[in-house]
Amino acid sequence: MIPEWVQDILTSKWTWAALALVVAYVLTLVGIVVYTWLERRGAAFIQRRPGPNRRGPYGIVQAVADAVKLATKEDVVPAGANKWLHAVAPMIGMTVALTIIAVIPFSGDFELFGQTFRLQIADMNFGFIFILAISSLAVYGVALGGWSSNNKYSLLGSLRSGAQMISYEISLGLSLVGVLLIYNTVKLDEMVIAQTGAIWHWGVVQAPMAFLIFLTSSYAEANRVPFDLVEADSELVAGFHTEYSSLRFGLFYMGEYVHMAVSAILTVILFFGGWHIPWAEEIFGSAPYVTLFPWLLFGAALVCLVIAWDTSRPRRRVHTRGNLLLAFLLVCVAGSAAALGGLYLAGDVQTEIPWLASICGMLTQVIVLVLKFAFFFWLFIWVRWTLPRFRYDQLMKLGWKVMLPLALLNIGVTGVLVLLGVL
Amino acid sequence: MAKLTIDGREIEAQDGQSVLQAALECGIHIPHLCYHPALKVVGSCRMCLIEIEKVPKLQVACGTPVRDGMVVSTQSERVRKARRGVLEFLSINHPLDCPVCDQAGECKLQDYCFEYGQAESRYQEDKRRFPEQDLGSTLVRDMNRCIHCTRCIRFLRDVAGAEAFTLYERGNRTQVGTYLETPVETPFSMNLVDACPVGALTSKHFRFKGRSWLMEKTRTLCAGCSRGCNVYAWSQKGRVLRLTPAENEWVNRFWLCDYGRLTVNDVNADDRLGDALRLGDCVDPEAALDQAAAKLKAYVDAGAGDKIGVVASARLTNEDNYLIRKLAREVLGTRHLAFVEGKEDDRPFEPSDRPLTEWFIREDKMPITWGARDIILSGEPAGDVLGLIAKARRGELKALLVFGEDLTRVTGEDRVVEVEFLFATGTHKTRTVELAHIAVPEATYLEKGGTFTNEEGRVQRLRPVVAPPGRARSAWQTARELAGRMGAGWSYRATAEVTAEIAAKVPGYQEVDFIEMPEEGQMVEHA
Amino acid sequence: MWEAIFFWGFGGLAAALAVLVIAMKNPIHSAVALIGNMFCLAALFALLDAHFLAAIQVLVYAGAIMVLFMFVIMLLNLKAEELGRSRRTLAKGLGLVLLAWVAVRFLAEFKGEALALPAVTEDYGTIESIGRLIFGPQILPFEVASVLLLAAILGAVTIAKKRLW
Amino acid sequence: MGVKQIHRPPQNAWERLYVFEIARGLGITLKHALLSWFKPGHMPTYEYPEVKRPLAERFRGRHRIRKREDGSPLCVACYCCQTVCPPQCIDITAEESDDPAVMKRPREFKINLLRCIFCGMCVEACPRDAIYMSHDYELADRTREQLQLGLDDLLENQDNDEGEG
């Protein structure tokens, strides 16, 4: 028989939490490949050029090549640098960004073999405070990285970004307080549930001011344009990561993308109903996500077919042949998805195979969440290639003289409205 | 003395001088093609036309003697127009092949056409065409380019003493050449290339090797014989391509013999020594000198310094010989010092108007036989090379130092004396160098500075033209290195320092000044 | 099992980092060690079910206060030679004596028995219960503390700025 | 030095709100992104290795030397190009030609492309119009030696393109 301690470990919540962490982190890191690809091609499209389109279908393998290039570069530690902190700083940035993923609910509750599950690593009763606490640590990666490089530009960049992150953290936190008052909870999953139903239950409708402040502050927190003064290259070379190369630079780089991903997903969960589709129950009945799944499958099959058609045809100007292998694979996927969808539609799965039904429902929720997330991630890129960079005094002015009073006002107004029973 | 005015300048000229000579002397350039200071005046090119006040027609400057009160204009519009006309006539048959012509860049016709000529010729008819003609081992004639100035004819007839060239045919068909196209057989044939103002006569040796404007021109000396002719060495990319005579009224006038010109082939030979040799192996010269010095020091320390023989050479410079002597006498402490010298020549030395063949080339093919006698002997008993070799053969010498000479050429045998230690320096891979225990490379006369004392007792300055191959250096530097490694505190850094010491120590050389030496050289008294 | 591992792990780390805070010569290293120490403390709070306190610990101390500390240290940017060599042997001796005294007292009190602590209630450590405490019975000290902080802010501004308006 | 005053157009309240102006900007960039996505053929870029940008008539690329009808170089080794070359990247060695009408021809004609500044002075200077600059600009290679053009390199691929002559 299995020894008792092994059973202990297997049944412990810690074990499953650790496992979920590993899965979530691996998926996040894989996601970075897509994010960088999206950023590069997005930037290219906005600038009317093709961007990376050589390696792999639509150039997606280019991101892997970038990673390999980064990893195989020489790891330079500048003379006079504080070696230990220089090594630790990029890890802090990355760790902080990854840690927040632990509290994000990716789906609602679903039943499986008599137990209730939810795609959330840590179900904390103080979710958003945890997020604030952890993201407040992100300053250290930037500050220590800049300081330990023994470079004036790095130090200036890190001080700038430190001040920027602290300033905007306040308005970020305060904007969340208003949301908190509306949802009357601090648990992220409960916040999502609070947005069920009509679209005016969504946070963005109920607290538009909080949404704007949150969005702006999260851009500033992620050091993205228009708040990327940290790496204002004309002034500071590359800011705090001037002296970083190889994988250490890669960690900062990936940290930024994970940060963006976390911000985007939080935006969805706090203001855009998380995995919910508005009026889902009204339209699709009592188990809307289970019912919706086959349609999603068909949609996915359609997308696969379009991509297959697109990759198999020779391209104008680009003198590369269509990717027939990929097209073939995609057609296969599309075919099997359609078959599965048909099968699902034909049988009454909800009553016959309840576990499959709940998994399908869960998958639908994840897909909905991912689609919403994709838009907000794209928004990061979109904004980056649209807006110019702020000047530092404008940045501070905006943070302290506009965002902070607005956030405080928002709390007051929301509080009054909640007391009056309007919200 | 005559006083005349040229272009508004008052100048004085000697009676009997032509206007052209007087003008050239005071730095006024009148274009001329057929005039050459050493040749008789014919006035055939009509290039030097000048306008003289109160003379109705334009006159040739080369053929008009100066007269007191003459007022000459060399740049008036009338003169310029006349010159343009002359050039147009000269260019009627002259081909436009400057790109392939060796004379381009130093061609007077080209220069004058550039200055006075018009770009387009009014002459529409065909130019006359001749094939190139081989004129013996040194010359190529291209009749197309000839402008019939007859400088070549005059040089051969009046200066070289070989009446080989003449004008034949008439008018438009006039040609210049040898009778029945026989080759030119004179040891001064290449002077014709210098004499020709255009590219009608070109040198086979220099043909297509380089362009005059790309080469560097250095005034130095020829080491072909004891005359010590002044030459210009033309070099490009570290290689001397040709030697041309430099004017020196007291030595070689305007001329240089073919033998002297072709000594440059020795310098460019393939068997030059660039690295040290130790019994056939290439080694680092520094290490070779270390070993040689250690060996010699062992002899000296053992009291066997006098058993070392030292052979200097009249092929080297005064400075080389001086330091070789100093090395032998003061560092090694040997009496056995000899030098290789050239043949005696009892003909008078002075340049004269007699044909070049009678006086120019000296029998003594060593450049400084007389200088070496002054410096190496300095009043001490003469050392004879053959005597030294004989001593070595008898076993009286343990080591032999040979500087810049091939002993097999002296003895006429294919072997060098067998001694315990044979050290040699050499410019080429000679037998001596190959058989030496240690041999180091040596620079030739075009690769080093120094002074030559010619047969007449004229000290002239030799200038380095190109860098020596590999790690070769002058014999005086080799001597300095050896002495330095043996513990002598010599501090010569530059040739001038050795020359200064020669001036101080060698009788008769007091006046010699390396830095301030005039172009014609300085005379010393042979002891 | 896991809780024990985490407790001893974070506890040991917290103690080690606390020692490093005073042992490190480079003030930045000390500051980093202090941040780590606070993080470990937060973890210990979390293990004690005081999640809110843990989050606030990280948010306020590690995330805000230490950042300002670090900025000051970074801007001073002391060189190794300026830091000099600490030679306060008296202080060190006194510290050791005090430590020994505390240890002796602690062991004398503890005697290896579990402390009798009240059981954790359902709402222990939640935001709601803490909020009720702070804004209920503890409202006076809370407000006094905030007035104190306000006074400190005003004082700092008055000292730093020569002309206020 | 005078001070240049820049007068920015005054912003009205709507513009000062920024949010809508930002949205307008986003709209513009989105328009471009969508155009690029759905009409990739209309991008003003060239997919370089496969598609080459049309070159100007006067483009100065790698040198070539024209040939006579019998295939020998038109060059007569006059050294004019070598003389005029500002970075001195041309190195000619002349020799006697077999053809008495030609007289002189290059034995070696070396161009150091690493030194060449593609100024075209050699083309200007050439009295025979023998040297010209082709439209060949893909000159990367793996070793320095491969970028030292010799006579054979200069004579090959004559018909490829005709540059400035």
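The analysis underlying the following values was restricted to heavy atoms, covering all of them including side chains, and did not include hydrogens, waters or symmetry mates. Chain naming here is simple, since letters A, B, ... match the order of the sequence lines and numbering starts at 1 in each.
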Are any non-hydrogen side-chain atoms of [X] and [Y] less than 4.5 angstrom apart?
X	Y	answer
A:Phe130	C:Val58	no
C:Val67	A:Met165	no
A:Tyr140	C:Val32	no

Q. A:Leu85, A:Val88, A:Val139: which one forms the most heavy-atom pairs within less than 4.5 Å of chain C?
A. A:Leu85
**Q.** Residue among A:Gly173, A:Ser136, A:Ala163, A:Ala143 with most heavy-atom pairs under 4.5 Å to chain C
**A.** A:Ser136
Q | Heavy-atom closest pair, residues C:Ala55 and A:Ala133 | A |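 Where C:Ala55 meets A:Ala133 most closely, the heavy atoms are O-CB, 3.4 Å.
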Q: Decide side-chain contact (heavy atoms from CB on, under 4.5 Å) for C:Leu59 and A:Ile134; before the verdict, give the C-alpha distance in whole Å, the side-chain angles of both, and the deciding distance to 0.1 Å.
A: CA-CA 7 Å; C:Leu59 181 61; A:Ile134 294 300; over 6 Å; no
(Q) Between A:Ile166 and chain C, with a heavy-atom cut-off of 4.5 Å, which part of the residue counts as in contact: side chain, backbone, both or neither? (A)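 Looking at A:Ile166, just its side chain touches chain C.
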Using 0.5 Å steps for rounding, measure from the [atom1] atom of [X] to the [atom2] atom of [Y].
X	Y	atom1	atom2	value
A:Trp147	C:Met70	CH2	CE	9.0 Å
C:Ile28	A:Leu144	CD1	CG	6.5 Å
A:Ile129	C:Phe52	CD1	CZ	4.5 Å

Can you confirm whether more than 12 heavy atoms, excluding those of [X], are under 6.0 Å from its [atom1] atom?
X	atom1	result
A:Tyr219	OH	yes
C:Phe45	CZ	yes
C:Phe71	CZ	yes
C:Phe69	CZ	no

